[in-house]
Each structure stands twice: as structure tokens, then as C-alpha cells.
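A short worksheet on the structure shown next.
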Amino acid sequence: MARLAQTAGLTDIQQEIVSTVRDFVDKEIIPVATELEHRDEYPQQIVDGLKELGLFGLMIPEEYGGLGESLLTYALCVEEIARGWMSVSGIINTHFIVAYMLKQHGTDEQRDHFLPRMAAGDIRGAFSMSEPALGSDVSAITSKAVKDGDEYVLNGQKMWLTNGGTSSLVAVLVKSDEGHPEGTAPHKSMTTFLVEKEPGFGEVRPGLTIPGKIDKMGYKGVDTTELIMDGLRIPADRVLGGETGRGFYHMMDGVEVGRVNVAARGCGVAQRAFELGVQYAQQRHTFGKPIAQHQAIQFKLAEMATKVEAAHAMMVNAARKKDSGERNDLEAGMAKYLASEYCKEVVEDAFRIHGGYGFSKEYEIERLYREAPMLLIGEGTAEIQKMIIGRRLLEEYRLQG
């Protein structure tokens, strides 16, 4: 795609990084993605390649062995990876969110202990906020931590952990009543714990069980799991930031940059769907000519390309706003909302262009058609994004007097 989704103002280093990732995607991901996805197979060889490229440490500061790059650079790399296979971008995303939370909110000891090994890809991160009965209402968390000497005892069940099995570090959000008397606002009595564990399934450390992979419609290959805590004992020095009651804010900060990531994934999947649609339209003939020469198909391609461009521009804007140090929840919410909705629409149009063949597993668009819906709910549903956007707009445009 030489003309769509270009990003102005990149440095030579940014261009080189993104170009390297694009070449890796074209050579190492796209040729094998559909086969691996159909087998629901973890893409170990691809992950090893990303590790060699240094992508697990892309935004981790150089002092910890990372590349120290910006959110924009990271988002553009995610866009390229999702263009190849969205599941691979999910493997990177949860790792990145935990690393970001440690960088922004961790103690010096926590940063020194975790970030160098995360930058090398030797520790893989996951984060856990949702629960089986939770949905979008984070204040309804029931998992709980109780202080016991120099440790906390955690009990409860968490849900929808990406990388739940393959990770070795999980940032877990639970309620902690210590120092927060009854009647304290729910979001002020939550704490994020840094839970180290062995990769795999079953009991991965005393008191902590990862039951197995959740069978999903799409987004396969990457492992999505539950997490069950039953008397899980965690040292007090593994409270993120060393202070209880700050977990909600830590998670929301992580999710905010995660929304830029989801927007980037939507852009990448939409780009691939457009590529498949425009290629097929020039190869498939009806009524004596390629279907690309029919006006109805040209209209679809025009709409698809415009949506790809618009989503990319909003994603880039949201990333640059965060990189500038400014609050970007409005821009991130808009980008995530628009990119995920447009992704769904572009994928469906590419599916329609393929006609009956789009329903065949032999064609890549079938996989994209099952993957796109995850973006509508990941990191907050469209309805949640609209709530965030609406509230922020009312703050910005509040009537005076």
C-alpha cells in the first residue's frame, strides 16, 4: 500500500523501524498467519522473530535495555503487525501495557527488577482487570486482597487475560480495604499487584491457577484465559508503585495507551482488508470485465480507502497527543471508536467484494471477518468510548456563568 495510511513528519529512525517491521510482516507473518490461525496455534517462531527485532522493548527506556521509542512509533509498528495477523499484535499489546505501567508508576526497585528482562522479551506481560460478572463496570470488582503481615492474600476470579498462559508477569487489579474505610469510593480502594508466575496452564504458582484457553470465534493463536486466585500470597513490595488504593488510576492510564494500540490494530486490519479487496476486484471478471471496472465496486473501494485514511489519521493524532505529555483520553477514545467501527465496515465490504469466495476458509478475508469484531469490544466497547468522548466534550465546552 504505497499511497494509503502514510504518516508525515517521521524521523529517519522511525521510518527505518516501521519499514523493518513491515518487511518482517510481509515475509514472516502473512504467508503463515491463516494456517496458524485455523489451527489456533501459538506463533512461537513469529514471537521469537519479534524478540530479535527488539519489539518487546520498543517503548522501554534505553537505561533498562529498551529502544526508548515513542507511542507513535509503537502504534505504527502495531498497525503493521495487525495488518499481518491481529493476534500477534495482541501478544505485544498486553506486554507493552504492563511495561508502560511499570515505567510510569512502578517503584525504582520494581523498574530495575522487571524492565530489563521485559525489554529483552525474557519476561512477557499480561494484565487483568475484568471479571466474569464485571463487563464495563470496573467498580464492581469483587476480587480482594487482605493484608497479612508483610504479604497480601488474594482471592477471586479474573477473566479475559490475553497472554494469560504464556506470560510470566501479570498486573492484577483487585480491591484492597487496607487504609480505605467502608464507604470509600470503589475506585479509591483498588490496588494493582505485580504477580510473577510460571508460563503455562494449571496451577502456575501456589494459589494461582490458569485453567486453560478460552475457545473464541476469532483472535486465535494468542491465548485468552481466566485467572483464579485462591489464597495467593504476594509480598507487599509487589504492590505497583508501593502504595495501595492507586490501582484504578494505574490501570486507566495503561488502558488509555492501550486504546491507541487497539485503534492501530483496527487500522492495520482495515488496510489488509482493503488490499485483499482491491486485488481481488482486479482479478475477478464478470460480464466480460474485471469487477473493479464496475461502478458499484469502485464506490466500495473509494469508501473503504477513505475510512482507512481517516482512521489512520485519528490514531496518529491520539498517539502524538500522548507523546506530547498532554491528556489524550478524548483523542484516544475517538480513535479507538472510529478505527474499530471503520475496520468492521471495511472488512465487510472486502468480504462482499469477494462474493461467495469470501465465505471460504481458503481466502484470507474469512479470517479477517472473524477477527474484526474483537476490536469493537477490546479496551472498552463503542458505548464506553462514546461516554468518555461525551463527558470530555462537555468539560471542554462547558457553559460559563
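Model, not experiment: these values are computed from the prediction. In this chain, residues are counted from 1 in sequence order.
- Legend: residues meeting side-chain contact (heavy atoms from CB on, under 4.5 Å) with Ser168, ordered by chain and number and at least two apart, are Ile123, Pro199.
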Donor-acceptor pairs under 3.5 angstrom involving side-chain atoms of residues 46-64: please list them, not counting sequence neighbours.
residue : atom : partner : partner atom : Å
Asp48   : OD1  : Gln44   : NE2          : 2.9
Lys51   : NZ   : Asp122  : OD1          : 3.1

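- By the 4.5 Å heavy-atom criterion applied to side chains, Val308 and Tyr342 are not counted as neighbours.
- Without hydrogens or angle criteria, Glu131 side chain to Ser143 main chain gives a donor-acceptor distance under 3.5 Å.
- Judged as a ring-ring contact (aromatic ring centres under 6.0 Å, His included), and not counting sequence neighbours, the contacts of Tyr74 are Phe96.
- Qualifying ring-ring contact (aromatic ring centres under 6.0 Å, His included) partners for Tyr369, counting only residues two or more places apart in sequence or in other chains: Phe351.
- Of all heavy-atom pairs between Gly84 and Val25, the closest is CA-CG1, 3.5 Å.
- A distance of 13.0 Å separates CD1 in Ile81 from CE in Met86, rounded to the nearest 0.5 Å.
- Considering CG of Leu232 and CG of Leu208, their distance stands at 5.5 Å, rounded to 0.5 Å.
- Distance OG1/Thr192 to CE/Met101: 4.5 Å, rounded to 0.5 Å.
- Counting only distance, with no hydrogens or angles, the side chain of Asn261 and the backbone of Asn93 share no donor-acceptor pair below 3.5 Å.
- Sequence neighbours left out, the pairs with a member in residues 254-273 that pass salt bridge (Lys or Arg N to Asp or Glu O under 4.0 Å) are Glu256-Lys322, Arg272-Glu275, Arg272-Glu364.
- Pairs of residues two or more places apart, or lying in two chains, that qualify as ring-ring contact (aromatic ring centres under 6.0 Å, His included) and include a residue from residues 99-138 are His105-His250.
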What do the steps show when you test Arg124 against Asn163 for side-chain contact (heavy atoms from CB on, under 4.5 Å), and what is the final call? CA-CA 8 Å; Arg124 306 280 171 79; Asn163 289 337; 5.7 Å; no

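- Within a 6.0 Å sphere centred on CD of Glu109, heavy atoms belonging to other residues, nucleotides or ligands number more than 12.
- Take Thr381 and apply the side-chain contact (heavy atoms from CB on, under 4.5 Å) test, not counting sequence neighbours, and it matches Ser136, Ile377, Glu383, Ile384.
- Put simply, the side chain of Glu226 never gets that close to the backbone of Ile214: no donor and acceptor are under 3.5 Å apart.
- Every pair passing salt bridge (Lys or Arg N to Asp or Glu O under 4.0 Å) that includes a residue from residues 292-305 is listed here, sequence neighbours excluded: Lys300-Asp349.
- Contact annotation: the side chain of Arg22 approaches that of Val18 to within less than 4.5 Å [non-hydrogen atoms, C-beta and beyond].
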Please evaluate residues Arg352 and Glu348 with respect to the criterion salt bridge (charged side-chain N to carboxylate O under 4.0 Å, His left out), reporting the C-alpha separation (whole Å), side-chain torsions for both, the decisive distance (0.1 Å), and the verdict. CA-CA 6 Å; Arg352 289 173 183 270; Glu348 182 171 329; 2.8 Å; yes

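- Sparse packing is recorded around CG of Asp230, with 12 or fewer heavy atoms of other residues, nucleotides or ligands lying under 6.0 Å away.
- Within a 6.0 Å radius of NZ in Lys147, other residues, nucleotides and ligands contribute more than 12 heavy atoms.
- A salt bridge links Glu366 with Arg370: the closest approach of a Lys/Arg side-chain nitrogen to an acidic carboxylate oxygen falls below 4.0 angstrom.
- Checked by atom type and distance alone, the side chain of Asp223 never pairs as donor or acceptor with a backbone atom of Lys213 at under 3.5 Å.
- Ion pairing of Arg111 with Asp108 is present here, as a side-chain N (NZ or NE/NH1/NH2) and a carboxylate O approach within less than 4.0 Å.
- Applying the salt bridge (Lys or Arg N to Asp or Glu O under 4.0 Å) test to every pair with at least one member in residues 306-319, sequence neighbours left out, gives these pairs: Lys307-Glu345.
- Across all their heavy atoms, Gly242 and Thr107 have their closest contact at N-CG2, 3.7 Å.
- In terms of the ring-ring contact (aromatic ring centres under 6.0 Å, His included) criterion, Tyr337 has no residue partners (sequence neighbours excluded).
- Shown here for Ile210 and Val204, the closest heavy-atom pair between the two residues is CG1-CG2, 4.0 Å.
- A heavy-atom distance below 4.5 Å is not found between the side chains of Tyr219 and Glu371.
- Taking the side chain as every heavy atom from C-beta outward, Val153 and Arg233 approach each other to under 4.5 Å.
- Taking each heavy atom of Cys343 and Leu375 in turn, the nearest pair found is SG-CD1, 3.8 Å.
- Of all non-hydrogen atoms in Gly245 and Ser176, the two that sit nearest each other are N-OG, 4.2 Å.
- Expressed to the nearest 0.5 Å, how far CG of Leu115 lies from NZ of Lys103 amounts to 9.0 Å.
- More than 12 heavy atoms of other residues, nucleotides or ligands shown are found within 6.0 angstrom of CZ on Arg205.
- Within the 3.5 Å criterion, the main-chain N or O of Leu173 finds a donor-acceptor partner in the side chain of Lys158.
- Going from atom CD1 of Ile97 over to atom CE of Met129 covers 8.5 Å, rounded to the nearest 0.5 Å.
- Thr286 is not listed as a side-chain neighbour of Ile297, based on a closest heavy-atom distance of 4.5 Å or more.
- With hydrogens and angles ignored, the 3.5 Å screen pairs a side-chain donor or acceptor of Lys336 with a backbone N or O of Gly380.
- Remark: the backbone N or O of Pro290 is not paired with any side-chain donor or acceptor of Gln293 at under 3.5 angstrom.
- A donor-acceptor pair shorter than 3.5 Å can be found between the side chains of Thr34 and Arg367.
- Side-chain contact check for Ser167 and His95: no donor-acceptor pair (N or O, by modelled atom type) lies under 3.5 Å.
- Remark: Arg392 pairs with Asp329, Glu395, Glu396 by the salt bridge (charged side-chain N to carboxylate O under 4.0 Å, His left out) rule, at least two apart or across chains.
- Applying the side-chain contact (heavy atoms from CB on, under 4.5 Å) rule to Gln295 yields the partners Phe299; only residues at least two apart in sequence or on another chain are considered.
- A donor-acceptor pair under 3.5 Å is formed between the side chain of Gln110 and the backbone N or O of Asp237.
- For the pair Val347 and Ala372, the tightest heavy-atom approach, listed with the atom from each and the gap, is CG2-CB, 4.2 Å.
- Side chains of Thr225 and Phe201 form a contact here, defined as non-hydrogen atoms less than 4.5 Å apart.
- Separating the NZ atom in Lys220 from the OG atom in Ser87 is a distance of 9.5 Å, to the nearest 0.5 Å.
- Looking only at distances, no side-chain donor or acceptor of Glu80 sits under 3.5 Å from a matching main-chain atom of Leu76.
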